[in-house]
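Values below: every heavy atom of this structure, side chains too, minus hydrogens, waters and symmetry copies.
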Amino acid sequence: IDELRGKIDESLAKFYQNPRSIITPAAYHSKKYIVLGAVMNKGVYNFDRPLTVIEALARAGGLQTGLYGRDTVDLADLGRSFLVRKGQRVAVDFERLFQHGDLAQNIPLEPEDFLYFAPASANEIYVLGQVIYPGVVAFLPRTSVMSVIAAAGGFSPEAFRSRVLVVRGSI
């Protein structure tokens, strides 16, 4: 803007004594930010006005959602999501922001920021053994062992119900 103002003032100096022009941009297109991960519209967005994390997510169409049973759930793992600015992670607690409404976490974005909403698909529970439908069940916050067994159709008649094994991490 300063460079353009200087050139215009220089050109106007041929016709006016000490011209002073004012430049007001209508839109900024050179500054950008990136939103990737479990959002509806991933991509690079123009930083055309001051934005916060919530506004950037809204421009990206919000978090991806899916069905779990009869409930609609977000397909993003907010605990593993992050904001990177100039190569450094910025301390933003996305769980507090989106699940508890803590607007102190709704910080302003800066040009070249990178927002990543980690997909929740990595949060899977494998139910094996004597259940009706062995397989994969989605992990949700506050998931209990009984709710996972129920999601797998419940115990089969041959199940030894007092011997349930929970394995955390890799088998």
Can you classify the ring geometry of Phe117 versus Phe98 as parallel (below 30°), tilted (30 to 60°) or perpendicular (above 60°)?
perpendicular
Sorted by chain and residue number, the salt bridge (charged side-chain N to carboxylate O under 4.0 Å, His left out) partners of Arg85 (sequence neighbours excluded) come out as Glu110, Asp113
Nearest 0.5 Å, please: how far is CZ in Phe114 from CG in Leu109?
12.5 Å
Anything under 30° is parallel, anything over 60° is perpendicular, the rest tilted; go ahead and classify Tyr45 against Tyr33.
parallel
Atom pair CZ (Arg89) and CG (Leu83), whose distance is rounded to the nearest 0.5 Å
9.5 Å
Without swapping roles, check the side chain of Thr52 against the backbone of Pro108 for a donor-acceptor pair under 3.5 Å.
no
Of all residues at least two apart in sequence or in a different chain, which pass the salt bridge (charged side-chain N to carboxylate O under 4.0 Å, His left out) check with Glu55?
Arg49
State, without any angle test, whether Lys32 and Asn46 hold a side-chain donor-acceptor pair at a distance under 3.5 Å.
yes
Main-chain N/O of Lys7 paired to Ser11 side chain as donor or acceptor, under 3.5 Å
yes
Are there over 12 heavy-atom neighbours, none belonging to Gln88, within less than 6.0 Å of that residue's CD?
no
Once side-chain hydrogen bond (donor to acceptor under 3.5 Å, both in side chains) is applied, do any residues pair with Asp93, and if so which ones, sequence neighbours excluded?
none
Any Ser21 side-chain heavy atom under 4.5 Å of Asp9 side chain:
yes
Check this for me: Ile23, atom CD1, are more than 12 non-hydrogen atoms of other residues, nucleotides or ligands nearer than 6.0 Å?
yes
Ile8 CD1 to Ile22 CD1 distance, which is reported to the nearest 0.5 Å:
11.5 Å
Distance-only, no hydrogens or angles: does the Gln105 side chain make a donor-acceptor pair with backbone N or O of Arg96 under 3.5 Å?
no
Donor-acceptor under 3.5 Å (Asn106 side chain, Ile54 main chain):
yes
